Participant: 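Submitted below is the structure of interest, expressed as structure tokens.
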There are 2 protein chains.
Amino acid sequence: MRMSDVAKVVGVSAMTVSRALKADASVAPATRTAVLEAIAKLGYVPDQVAGALSSRRSGFVAALIPSLNNPHFSLTAQSLSDRLQDAGLQLLLGYTNYEREREAELVRTMLRRKPEGMILTHDGHAPETRALLTKARIPVVQIWDLPPAPFGHVVGFSNSNAMRDLVLELAAKGYRKIGYLGETDDEGTRGAARRAGYRSAVAELGMPERITAIGALPATMSDGEKGFAQLMAVWPEVDCIVCVSDPLAFGVIGACRRRGLSVPGDVAVAGFGDFEIGRVSQPAITTVAVDAAEIGRASGEIVVRALESSSLIDNSHVDIGTRVTMRESA
Amino acid sequence: MRMSDVAKVVGVSAMTVSRALKADASVAPATRTAVLEAIAKLGYVPDQVAGALSSRRSGFVAALIPSLNNPHFSLTAQSLSDRLQDAGLQLLLGYTNYEREREAELVRTMLRRKPEGMILTHDGHAPETRALLTKARIPVVQIWDLPPAPFGHVVGFSNSNAMRDLVLELAAKGYRKIGYLGETDDEGTRGAARRAGYRSAVAELGMPERITAIGALPATMSDGEKGFAQLMAVWPEVDCIVCVSDPLAFGVIGACRRRGLSVPGDVAVAGFGDFEIGRVSQPAITTVAVDAAEIGRASGEIVVRALESSSLIDNSHVDIGTRVTMRESA
DNA sequence: CGTTGTTATGTTATCGATAACATATTCACG
DNA sequence: CGTGAATATGTTATCGATAACATAACAACG
């Protein structure tokens with residue numbers, strides 16, 4: 001069933017039906033009701049594929065996150081989806097699995113759908129990605145970090161500074177032998193930025209670096225056991241373990257408990273991200289709070305605004321900030 | 001840039017370019033290389049919006065899950081996405097926020113995109129939803145439960161039977177006063193099915209029902225504290241608390257610990273779903289294991305198969321089963 | 001060497017909506 | 001009451017690809 005079929009039933013032209021479905025179009029109130037009634041009665045569903053081709057507006061905004069299965073990114077995606085929906089846009093979501101090549105491939109796939117905007121989680125990008133997006137001439141937002149050489153808009157925070165702040169505060173609390181537990185193969189990623197923050201903090205404090213990496217991206221709760229063992233094998237003296245994320249910290253705390261070590265009595269543990277797990281953990285996990293939902297909302301906002309004003313000129317640069325949150329574990 | 005532009009450069013017709021991009025089309029090898037080279041050089045990106053209109057194949061499969069922010073559903077979504085990608089299909093994901101009205105609205109929105117298949121997480125559906133989908137004449141898969149009156153295909157398991165099995169096994173282990181902690185306002189949902197399973201088990205065992213509900217869907221780790229208090233206020237005698245999900249069980253264990261109660265010494269706790277949290281929790285949580293990823297894979301498989309054979313006649317009915325998994329907490 | 005079949009390519013029409021333009025109708029105001 | 005503005009609706013062309021059909025080139029075979 002097409003618009004013209006509905007039009008025939010009502011006794012108007014297809015164009016009038018199209019107008020009746022657009023909120024701002026000028027249609028006589030009586031006509032609009034008649035059309036809408038007919039649509040409801042017939043169960044007509046407009047074909048947005050055709051509409052998109054004709055109007056050159058797909059109504060899509062594409063977003064790529066590293067993983068659907070990570071509360072941080074899914075929160076961001078959820079609030080992004082909400083914000084877009086308010087503006088009548090639909091989210092086209094993909095996940096890169098933390099792989100740059102997959103990201104490039106996905107960008108290609110997504111661009112075929114003619115999205116009106118694109119949102120990327122910054123973890124470094126393949127050179128091709130950048131070229132493709134520049135050519136697409138749509139607003140691009142990089143999220144979840146402040147990239148050194150951003151293209152397009154940015155909504156994030158400095159993973160490096162945030163981690164640095166955390167380590168400095170831990171040192172101020174009296175910890176002297178602070179170790180770091182991160183992920184392997186993390187060049188260019190947010191995890192690497194956090195590690196860099198740790199390094200800059202210990203350098204500033206005149207402390208030696210004590211860095212260990214476990215497992216592939218992303219570190220999970222289950223990695224805590226091995227990570228702890230590995231770290232302790234090399235630096236048994238550490239009095240505080242800073243982890244690249246809360247789930248990993250939770251896993252480390254479990255490993256401590258299993259060894260009869262008290263946290264933070266024998267060894268302190270800190271995480272990053274303020275995941276729910278850190279709040280309900282016992283002890284509750286000292287961490288850096290990040291407003292994942294706000295990243296989604298704000299990046300959606302930027303895309304919507306950019307589309308309204310169609311000014312691709314000025315790129316916003318939003319630092320949503322972070323907050324070191326001391327809890328029981330350190 | 002359009003196909004005809006590429007065609008002009010290569011010196012062929014647009015149709016030949018189109019064919020060169022289709023794996024199975026008959027094009028001379030030399031022509032194909034020439035076309036692909038030109039496409040790479042020009043950075044041409046095919047317009048799938050136009051392609052979809054013309055070929056009447058959108059390349060989309062829509063899926064609705066209750067929440068992106070739930071490891072179960074995001075796992076399902078991830079493996080579904082993978083399976084679809086293998087078949088050259090793209091996942092169009094939406095989340096209902098556990099609201100039937102929102103689901104109906106989303107189904108309407110999604111259908112405008114002419115998806116080739118639709119996957120719904122069963123939590124009961126608005127009557128409209130069913131009507132819309134029947135009219136759409138596309139394969140539909142209901143997942144995550146075995147609905148009493150399914151339409152379309154089904155990939156799931158009996159939430160009710162699974163919970164019944166768990167309670168019976170707990171009784172066999174010697175627990176005599178088994179309570180249940182679920183969600184409020186859960187009519188028609190998977191949670192309600194689990195509660196029904198509990199009721200049928202205790203009825204069978206000749207035990208009284210001890211049911212409490214906390215918070216809105218879905219129950220979270222943070223609900224554990226209040227849930228435990230509420231249950232204990234009414235049935236202080238319980239020796240085992242069965243929860244609608246692992247995260248809630250984890251929260252309950254935390255509440256016990258805070259009160260100095262040992263689990264399972266003073267009170268046993270069981271969950272449902274086999275989330276990662278249950279595995280790393282101390283004590284590890286007794287639960288019902290569900291293969292969330294397999295639900296995604298299998299439902300994607302069904303859609304892909306249905307599209308290949310274009311036989312909408314026979315509806316598959318896949319019970320992926322569950323496994324009671326006894327661990328330390330009960 | 002002519003007929004038939006296969007492979008490679010071109011041409012035309014079409015998918016279903018909407019932008020852009022054209023026209024009819026109504027209304028306000030001097 | 002006539003002119004111009006505002007409102008309501010219709011008509012035509014178009015978005016960019018691909019299906020369907022048409023045709024050209026060439027190979028195989030008796």
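These figures come from a predicted structure and were not determined experimentally. Just so it is clear: chains get the letters A, B, ... in the order the sequence lines come, proteins before strands, and each one is counted from 1.
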Participant: Given D/dG16, is OP1 or OP2 found less than 4.0 Å from the side-chain N or O atoms of B/Tyr44?
Facilitator: no
Participant: Would you please classify the geometry between the B/His72 ring and the B/Trp144 ring as parallel, tilted or perpendicular, with 30° and 60° separating the classes?
Facilitator: tilted
Participant: If you assign B/Ala28 and A/Ser18 each to the DNA chain C nucleotide with the nearest heavy atom, which residue ends up on the more 5' nucleotide?
Facilitator: B/Ala28
Participant: What contact category does A/Ser26 fall into here, base, sugar-phosphate, or nothing, at under 4.0 angstrom with non-hydrogen atoms?
Facilitator: base
Participant: What is the separation between atom NZ on A/Lys8 and atom P on C/dG16, rounded to the nearest whole Å?
Facilitator: 13 Å
Participant: Side-chain contact test, heavy atoms from C-beta onward, threshold under 4.5 Å: evaluate it for A/Arg83 versus A/Val304 and give yes or no.
Facilitator: yes
Participant: Counting only side-chain N and O atoms of A/Thr31, is one of them less than 4.0 Å from OP1 or OP2 of D/dT9?
Facilitator: yes
Participant: Using whole Å, what does the distance between atom P of nucleotide C/dA8 and atom CZ of B/Arg32 come to?
Facilitator: 9 Å
Participant: Starting at atom CG of B/Asp47, determine the distance to atom P of D/dT18, rounded to an integer number of angstrom.
Facilitator: 9 Å
Participant: State whether B/Arg56 places a side-chain N or O below 4.0 Å from either non-bridging phosphate oxygen (OP1 or OP2) of C/dG16.
Facilitator: yes
Participant: Looking at D/dT9, D/dA17, C/dA8, which one has an atom nearest to any side-chain atom of B/Pro29?
Facilitator: C/dA8
Participant: Tell me: CD1 of B/Ile39 to P of D/dG16, nearest whole Å?
Facilitator: 16 Å
Participant: Specify the separation, in whole Å, of atom CE of B/Met1 and atom P of D/dC15.
Facilitator: 16 Å
Participant: Taking NZ from B/Lys22 and C1' from C/dT9, how many angstroms apart are they, rounded to a whole number?
Facilitator: 16 Å
Participant: Would you classify B/Met3 as touching base, sugar-phosphate or nothing, given that sugar-phosphate means primed atoms plus P, OP1 and OP2, and contacts are heavy atoms under 4.0 Å?
Facilitator: sugar-phosphate
Participant: Does the side chain of A/Ser4 get closer than 4.0 angstrom to OP1 or OP2 of C/dA17 through an N or O atom?
Facilitator: no
Participant: Taking A/Thr121 for the side chain and A/Leu64 for the main chain, is one N or O donor matched with an acceptor at less than 3.5 Å?
Facilitator: yes
Participant: Would you kindly give the CE-to-P distance between B/Met15 and C/dA8, to the nearest whole Å?
Facilitator: 15 Å
Participant: Would you indicate whether the side-chain heavy atoms of B/Ser74 and B/Leu68 approach each other to under 4.5 Å?
Facilitator: no
Participant: Could you check whether A/Val12 gets within reach of a base, just the sugar-phosphate, or nothing at all, counting any heavy atom under 4.0 Å?
Facilitator: sugar-phosphate
Participant: If you pin B/Leu53 and B/Ser13 to their nearest nucleotides in DNA chain C, which one's is more 5'?
Facilitator: B/Ser13
Participant: Given C/dG16, D/dT9, D/dA20, identify the nucleotide with an atom nearest to the side chain of A/Ser54.
Facilitator: C/dG16
Participant: Would you mind reporting whether A/Ser58 and A/Arg113 have side-chain heavy atoms less than 4.5 Å apart?
Facilitator: no
Participant: Using a distance-only criterion (donor-acceptor N/O pair, under 3.5 Å, no hydrogens), is the base of C/dG10 paired with the side chain of B/Arg19?
Facilitator: yes
